[in-house]
Amino acid sequence: MSSFRELPLSARLVVLGYVALGAFGVALRVPEMGTWSWADVAATLGLAIVAALSEQFTVAMRHRTEVENFSVTDAVWVPALILVSPSVLTLSVLLGSLAGHAWRRWDWYKVVFNAGQFVVAITVAEFVYGLFDLPSSFSFMTCVACAVAMACYFVINEISVALIISRVEQIPLREVVVLPGGLNLLHAGGNLTIGMLAALVWHAGPLGLPLLIAPVVLSFFAYRGWLQNKREEEQRREGDRMRTLYEAGRALDGPLDANFDFQPFLGFVQQLVDAAATELAVRDEAGLRVYNSESGLVQAVQTEMGPADPMTYVSERPGLVTYLAVVRDEANEVGILAVHRATELSLSERALVDSLASQVSARHRNQQLFDETVEQRGHLADVVGSSSDGIFVVSGAGTVLSWNPAMERITGFLADEVVGRPSGDVLRIPGGPRADGPPPTELALGVEEPQDALILRRDGSDRWIRYSSSRMPERQGSGTSLVVTARDVTAELEAEQMKRDFVATVSHELRTPLTPLKGLLQSLNKGLVEDSPQARREYHAIMLRQTERLERLISDLLDVSRLDAGHLPMDAVPVEVDALLEREIADASQLAAVREVRFERAEHPVWVVADPFRLGQIVTNLLSNAFKYSPAGAPVIVKLTKLGDFALISVQDRGEGIAMDDQDRVFERFYRAETGLTQTAGGFGLGLFIARSLAEAMGGGLVLSSRPGEGSTFSVSLPLLMSAPQEDDPEGQRRSSPETDAGPYEPDAGEQMAHVLTNTDLATR
């Protein structure tokens with residue numbers, strides 16, 4: 001402490017108390033001083049000078065910020081207690097301590113405290129010595145009385161110094177008294193012995209006093225050497241303790257892992273406080289784990305299988321004192337650090353164990369934060385990895401930092417091939433760069449509004465993406481990155497285009513029959529055309545054909561709607577395919593007389609389980625499709641065969657064929673393959689979609705085989721009837737199940753009309 005005001009209040013009260021007691025001790029001797037002779041004055045000054053000089057040669061024992069000094073001054077007071085009067089001794093002690101300590105430039109409050117406590121101690125010693133009431137002659141009892149009196153002096157002196165140090169350092173008095181150990185007793189015994197010798201020599205003859213210089217000097221160096229060794233030993237122990245404390249901290253700095261082994265840490269704790277054993281019971285989300293310094297993990301308890309209180313799992317060690325340090329996570333108790341030792345821990349050792357428990361708490365919090373971070377990162381990675389939208393991050397310099405699996409699917413580039421490369425090298429624009437061309441045009445990253453762009457995949461194909469980006473700070477804080485989300489909208493844009501084309505096609509197809517109807521009706525209304533019976537029949541035939549065409553268009557749209565809703569009626573019965581094909585071919589030939597249809601039938605009648613009306617609709621659509629795309633004069637071939645348990649109806653044309661890229665899509669609704677005849681053929685692009693859907697609804701299928709320039713073959717497969725109907729049922733209208741007796745199938749008038757109406761050119765590619 002640098003000033004009296006900085007001392008704790010209790011320390012200041014101790015200083016003032018000893019000053020007051022010292023002043024009282026001096027006041028007790030003032031009356032006796034009035035009878036002094038010049039010899040007493042000389043003795044007082046001589047003793048004070050000797051004491052002041054001896055105070056310059058001290059051995060220091062440090063207690064944190066304070067120092068306890070050991071000197072041979074007490075050896076001066078031993079013979080003085082025997083040889084001089086109490087007043088001379090008291091004043092010598094006062095003057096010698098004040099002069100000696102002031103000469104060393106100590107703080108004033110230390111000087112007056114030391115002087116006060118020396119006066120108090122010597123006053124008590126004088127009182128005790130006086131109780132023996134000894135004669136002035138030197139005897140054995142003189143030595144005994146002097147030893148008892150100086151023992152009291154020693155006790156008071158030691159307690160006084162320890163008391164002020166304990167108050168200043170805020171540590172228990174016991175620790176200060178005990179810390180010097182045997183040095184205090186050695187110091188007191190040595191000073192008493194030297195003082196006794198000095199008194200004995202003085203009694204025998206003062207001329208022998210110089211002989212005591214050597215023992216005094218040797219005692220001083222012995223004190224200093226012993227203390228030096230003690231200090232070095234303490235330093236070594238302190239160094240070992242600091243290294244052990246450091247290693248204990250390092251033991252907790254291992255990898256963050258829920259299965260971390262605390263045994264090395266507990267071993268260091270045991271070594272630090274010289275304990276017999278140490279234990280740690282710590283709780284986490286998985287349960288509670290118990291470790292000890294002997295064998296590490298000794299018990300793992302699931303939370304639902306046992307109590308959550310860590311105190312329950314601390315073992316009892318008979319004959320040992322257990323100190324428990326709480327491991328806290330913020331305001332919650334999550335564990336117990338137990339130290340088992342033969343003796344109780346001191347306050348400083350308890351503080352050390354509490355500090356180590358706080359380090360365990362810090363590791364526990366770090367482990368929780370690490371687990372939460374890993375879980376959050378894993379969850380985020382799962383979200384990003386499982387997202388159907390592409391997500392990638394581009395640095396401020398334009399380098400790709402991350403690339404999720406959806407982007408791999410969209411672009412065909414793997415993350416390992418993309419991360420670290422400029423985004424413009426990966427997200428290329430079609431029609432842009434080649435090896436000898438200009439650099440690629442990059443996407444407009446950094447624009448928050450969604451943008452559409454056509455990009456090149458790794459395989460050279462192009463895809464439409466819709467992307468948007470947002471800024472985020474980079475981890476190093478040196479700039480901003482862009483988080484880009486992209487979605488493959490190729491199918492969406494194509495569907496929108498198909499819808500637009502469909503609207504245009506529907507408008508055109510509906511207007512086509514309406515235009516001649518309207519024109520003919522206006523002409524009839526105004527009387528601009530011939531009104532003979534023959535002319536009226538021609539007009540009626542024209543209007544009927546256009547009305548039927550309009551109705552067929554509407555019927556197709558209704559069939560598609562019913563297929564989507566799953567409400568298309570289907571009546572599966574035994575059907576003889578040969579007869580049905582002959583009827584459909586005959587009907588189609590009447591509508592398209594210029595087309596030749598060749599029918600290649602099977603060797604034996606073929607029976608299937610199907611809806612005859614819907615099967616006729618399929619065949620009509622396929623024939624109409626073949627008529628549209630076959631060149632003039634080229635025959636359409638219809639072939640019926642058996643393939644395993646299925647009947648196979650094939651319709652082959654000699655048209656331009658269908659490109660490989662279009663073959664998988666011709667069965668999609670509203671899709672029309674681009675060929676030279678597409679614009680002249682007309683239609684919605686629903687015929688093949690309806691035909692395949694109907695075939696699948698009857699347990700079969702519809703496939704395409706085509707080569708550009710060689711025509712196309714559409715093949716319908718339907719399940720065969722295992723046993724043919726009786727010969728008296730030539731139409732094959734009896735149901736296949738013998739358990740049903742609903743009678744032969746007869747289509748109603750509405751179905752017959754629809755059947756007739758659908759025998760036209762509805763199916764398109």
Side-chain angles (χ1 to χ4, degrees), residues 241 244-382:
R241 177 173 294 184
T244 305
L245 184 60
Y246 170 73
E247 293 297 335
R250 286 191 59 189
L252 291 177
D253 289 339
L256 292 174
D257 185 359
N259 297 320
F260 178 77
D261 188 5
F262 283 93
Q263 183 181 10
F265 166 75
L266 294 175
F268 289 123
V269 175
Q270 179 180 356
Q271 183 179 348
L272 272 173
V273 295
D274 195 20
T278 53
E279 290 181 282
L280 175 65
V282 64
R283 181 178 63 244
D284 54 24
E285 294 181 356
L288 187 141
R289 297 175 182 269
V290 183
Y291 305 83
N292 63 31
S293 54
E294 293 97 336
S295 55
L297 179 65
V298 294
Q299 193 173 9
V301 182
Q302 298 296 328
T303 303
E304 63 274 8
M305 296 176 59
D309 185 7
M311 185 73 70
T312 308
Y313 298 93
V314 176
S315 64
E316 295 183 1
R317 306 287 179 108
L320 298 178
V321 179
T322 300
Y323 176 74
L324 302 176
V326 178
V327 179
R328 295 186 180 277
D329 184 2
E330 296 179 352
N332 301 320
E333 178 182 327
V334 296
I336 292 292
L337 176 60
V339 176
H340 306 282
R341 201 171 75 167
T343 60
E344 291 188 2
L345 272 66
S346 65
L347 289 180
S348 61
E349 289 172 331
R350 293 180 183 181
L352 178 61
V353 174
D354 290 339
S355 175
L356 292 171
S358 68
Q359 293 187 35
V360 175
S361 176
R363 177 181 174 83
H364 186 266
R365 287 194 298 271
N366 292 339
Q367 182 69 49
Q368 285 184 322
L369 292 174
F370 176 75
D371 292 341
E372 291 175 2
T373 302
V374 170
E375 182 178 0
Q376 291 175 358
R377 291 185 62 182
H379 180 68
L380 180 60
D382 292 341

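The residues of the chain are indexed from 1 along the displayed sequence. Computed over heavy atoms, backbone and side chain alike; hydrogens, waters and symmetry mates excluded.
Across every non-hydrogen atom of G335 and P310, the tightest pair is CA-CG, 3.8 Å. When all heavy atoms are compared, the tightest approach of T278 to L266 is OG1-O, 2.9 Å. Contact detail for A357 and V326: the closest heavy-atom pair is CB-O, 3.8 Å. The two residues A342 and V321 come nearest to each other via the heavy atoms O-CG2, 4.0 Å. Here the shortest heavy-atom pairing between G267 and S293 reads N-CB, 4.2 Å.
Atom-to-atom distance recorded for R289:CZ and F262:CZ is 10.0 Å, nearest 0.5 angstrom.
Between V327 and L280 the shortest side-chain heavy-atom distance falls below 4.5 Å.
Side chain of Q270 to main chain of A276: a donor-acceptor pair is present (N/O by atom type, distance under 3.5 Å, no hydrogens or angles). For the pair R350 (side chain) and V353 (backbone), a donor-acceptor distance under 3.5 Å is absent.
Checked options L297, L337, V298; the residue passing with Y291 is L297 (criterion: side-chain contact (heavy atoms from CB on, under 4.5 Å)). The side-chain hydrogen bond (donor to acceptor under 3.5 Å, both in side chains) test with T322 is passed by exactly one of E316, R317, E279, H340: H340.
Residues passing the side-chain contact (heavy atoms from CB on, under 4.5 Å) test with D354 are Y323, A325, sequence neighbours excluded.
Ion pairing of R283 with E333 is absent here, as no side-chain N (NZ or NE/NH1/NH2) approaches a carboxylate O to less than 4.0 Å.
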